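Written below as structure tokens is the structure these notes are about.
Scope of the values below: all heavy atoms of this structure, side chains included, with no hydrogens, waters or symmetry mates. Values in this document were obtained by computation on a predicted structure and should not be read as measured data.
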Amino acid sequence: MEQNRKSTVIVTGASSGVGLQAAKALAQKWQYHVVMACRDLEKAQKAAESVGMPQNSYTLMQIDLGSLESVRQFVNNFRATGRSLEALVCNAAIYMPLIKEPLRSPEGYELSVATNHLGHFLLCNLMLEDLKKSPSSDRRLVILGTVTHNPDELGGKIPPRPDLGDLKGFAEGFKDPITMIDGKQFEPVKAYKDSKVCNVLTMRELHQRYHESTGITFSSLYPGCVATTALFRNHYPLFQKIFPLFQKYITGGFVTEELSGERVAAVVADPEYKQSGIYWSWGNRQKKDGKSFVQRVSPQARDNENGKRMWDLSEKLVGLA
């Protein structure tokens with residue numbers, strides 16, 4: 001690549017929390033041009049200014065991951081800029097633990113799965129073509145994970161546990177009255193956890209299908225428990241106060257938004273993390289040495305047959321098949 005041309009990275013959900021801090025680190029430490037892909041561009045502009053991102057280090061572009069049409073429009077808008085793409089970070093997520101009835105995407109899908117999984121699944125598949133065309137020898141696609149996807153870990157043991165079942169809900173079209181991937185009764189916390197299992201499966205399938213032929217690095221990470229982010233804005237106010245304290249003083253799992261963003265940026269840019277098909281974690285171990293390690297993903301997320309079925313059904317739901 002030309003020495004004076006910056007690499008470009010897209011970060012979804014970059015207007016707050018981990019996404020914002022990752023955007024800042026990628027722009028300032030790693031010298032990327034960051035496309036901040038967000039629903040609210042005014043909020044994103046203020047956020048970028050609040051963390052001191054230089055005006056020429058980022059571009060704001062509108063996307064609503066809950067709308068497949070919005071995802072397609074974003075891809076068209078990005079391509080119209082003429083930029084090459086060196087990295088994509090799928091960070092945006094919604095979590096609505098208190099709702100009693102499911103919300104629906106414009107396409108009629110349960111909103112948390114539509115936003116966290118289906119929107120990103122479509123984005124990954126479409127932007128894969130842009131990553132392939134980049135002249136860079138180091139192209140990466142990173143999908144944010146969470147400890148709650150894994151029942152083998154403390155965060156995943158707390159009910160309800162994630163369970164995709166045989167993906168009956170997806171197979172039956174995932175529209176009213178179906179609200180869950182396994183076809184069972186709506187449970188908002190489980191819907192979030194299930195969507196994150198799909199995120200890890202997507203990363204693993206991308207690796208298995210495309211790494212060898214393209215050289216693109218596909219990975220996921222859990223950067224530690226960021227208990228203060230806007231992800232919890234729809235939870236009880238008391239929970240929002242107590243949860244960070246619990247993570248700081250009981251589990252030791254607490255990390256700041258800034259540190260978690262730096263970890264995401266490292267997985268995108270640092271040569272140390274140029275390994276494909278890997279799920280990186282810091283878990284609770286940052287209180288000991290602060291070093292990352294390769295974590296084994298949950299039994300469902302390492303089920304290759306499950307991954308293939310999830311991929312095929314997701315392709316149909318987002319209109320790729």
Side-chain angles (χ1 to χ4, degrees), residues 12-13 37-40 62-76 90-128 143-146 148-149 159-206 209 231 233-235 298 300-301 303 305-321:
T12 67
C38 306
R39 282 184 295 185
D40 185 336
Q62 207 277 333
I63 192 171
D64 179 354
L65 272 301
S67 162
L68 299 178
E69 179 56 38
S70 176
V71 173
R72 292 181 187 278
Q73 188 60 52
F74 170 84
V75 173
N76 291 337
C90 297
N91 162 75
I94 60 170
Y95 175 53
M96 296 172 292
L98 305 182
I99 61 174
K100 305 300 182 188
E101 298 295 328
L103 301 176
R104 295 282 181 179
S105 74
E107 290 78 21
Y109 303 137
E110 189 278 317
L111 191 59
S112 57
V113 171
T115 303
N116 303 349
H117 166 56
L118 292 173
H120 278 128
F121 179 86
L122 177 60
L123 184 66
C124 289
N125 275 277
L126 296 177
M127 301 306 306
L128 198 57
I143 304 177
L144 268 286
T146 169
T148 60
H149 96 275
R161 295 188 177 196
D163 183 9
L164 304 185
D166 61 358
L167 293 104
K168 180 183 178 184
F170 271 8
E172 294 182 357
F174 203 50
K175 291 187 178 180
D176 192 35
I178 300 167
T179 58
M180 299 295 286
I181 295 173
D182 61 7
K184 295 182 180 177
Q185 186 174 351
F186 180 64
E187 211 300 323
V189 176
K190 182 176 179 297
Y192 170 78
K193 292 182 179 181
D194 288 350
S195 73
K196 300 308 289 183
V197 175
C198 288
N199 285 161
V200 181
L201 283 170
T202 298
M203 178 275 289
R204 286 171 54 83
E205 279 296 302
L206 283 164
R209 291 166 186 257
L231 182 66
R233 62 182 172 265
N234 295 310
H235 218 307
S298 76
Q300 284 196 53
D303 183 332
E305 289 306 311
N306 217 26
K308 291 187 182 74
R309 182 166 165 77
M310 180 281 299
W311 184 279
D312 292 343
L313 292 172
S314 297
E315 275 191 327
K316 291 178 183 176
L317 293 173
V318 303
L320 290 174

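- Residues V200 and I143 fail the side-chain proximity criterion, which asks for heavy atoms closer than 4.5 Å.
- Within the 4.5 Å cutoff, side-chain heavy atoms of C198 are placed close to those of L164.
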Which side-chain N or O atoms in residues 173-186 pair as donor and acceptor under 3.5 Å with protein atoms at least two apart or in another chain?
{"residue": "K175", "atom": "NZ", "partner": "E107", "partner atom": "O", "Å": "3.2"}
{"residue": "D182", "atom": "OD1", "partner": "K184", "partner atom": "N", "Å": "2.9"}
{"residue": "D182", "atom": "OD2", "partner": "K190", "partner atom": "NZ", "Å": "2.9"}

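- One side chain, T12 or H120, offers a donor N or O that lies under 3.5 Å from an acceptor on the other.
- When all heavy atoms are compared, the tightest approach of N306 to D303 is N-OD1, 3.0 Å.
- Here the closest non-hydrogen pair linking V189 and E187 is N-OE1, 2.9 Å.
- Taking both residues in full, the closest heavy atoms of G165 and Q300 are given as N-OE1, 4.3 Å, listed atom of the first, atom of the second, then distance.
- Put simply, the side chain of N199 gets close to the backbone of N116: a donor and an acceptor are under 3.5 Å apart.
- Here R104 pairs with nothing under the side-chain hydrogen bond (donor to acceptor under 3.5 Å, both in side chains) rule; sequence neighbours left out.
- If you take CG on L111 and OH on Y109, they are separated by 13.0 Å, rounding to the nearest 0.5 Å.
- Considering all non-hydrogen atoms of both residues, L118 and L68 come closest at O-CD2, 4.1 Å.
- Rounding to the nearest 0.5 angstrom, the gap separating the CG atom in L103 from the CD1 atom in I94 is 7.5 Å.
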Name every donor-acceptor pair, under 3.5 Å, that has one atom in a side chain of residues 313-321 and the other anywhere in the protein, sequence neighbours excluded.
{"residue": "S314", "atom": "OG", "partner": "H117", "partner atom": "NE2", "Å": "2.8"}
{"residue": "S314", "atom": "OG", "partner": "M310", "partner atom": "O", "Å": "2.8"}
{"residue": "E315", "atom": "OE2", "partner": "W311", "partner atom": "NE1", "Å": "3.2"}

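- The two residues L122 and R72 make their nearest non-hydrogen contact at CD1-NH2, 3.8 Å.
- What you find for A301 and L201 is that their closest heavy atoms are O-CD2, 3.4 Å.
- In terms of modelled atom types and a separation under 3.5 Å, the side chain of K193 and the main chain of D163 share no donor-acceptor contact.
- When side chains are defined from C-beta on, E110 counts as touching P102, because their heavy atoms get closer than 4.5 Å.
- Atom CE of residue M127 and atom SG of residue C90 lie 10.0 Å apart, to the nearest 0.5 angstrom.
- In this model, no donor atom of one side chain and acceptor atom of the other lie less than 3.5 Å apart for D64 and S70.
- With contacts defined as side-chain heavy-atom distances shorter than 4.5 Å, the pair P106/S67 qualifies.
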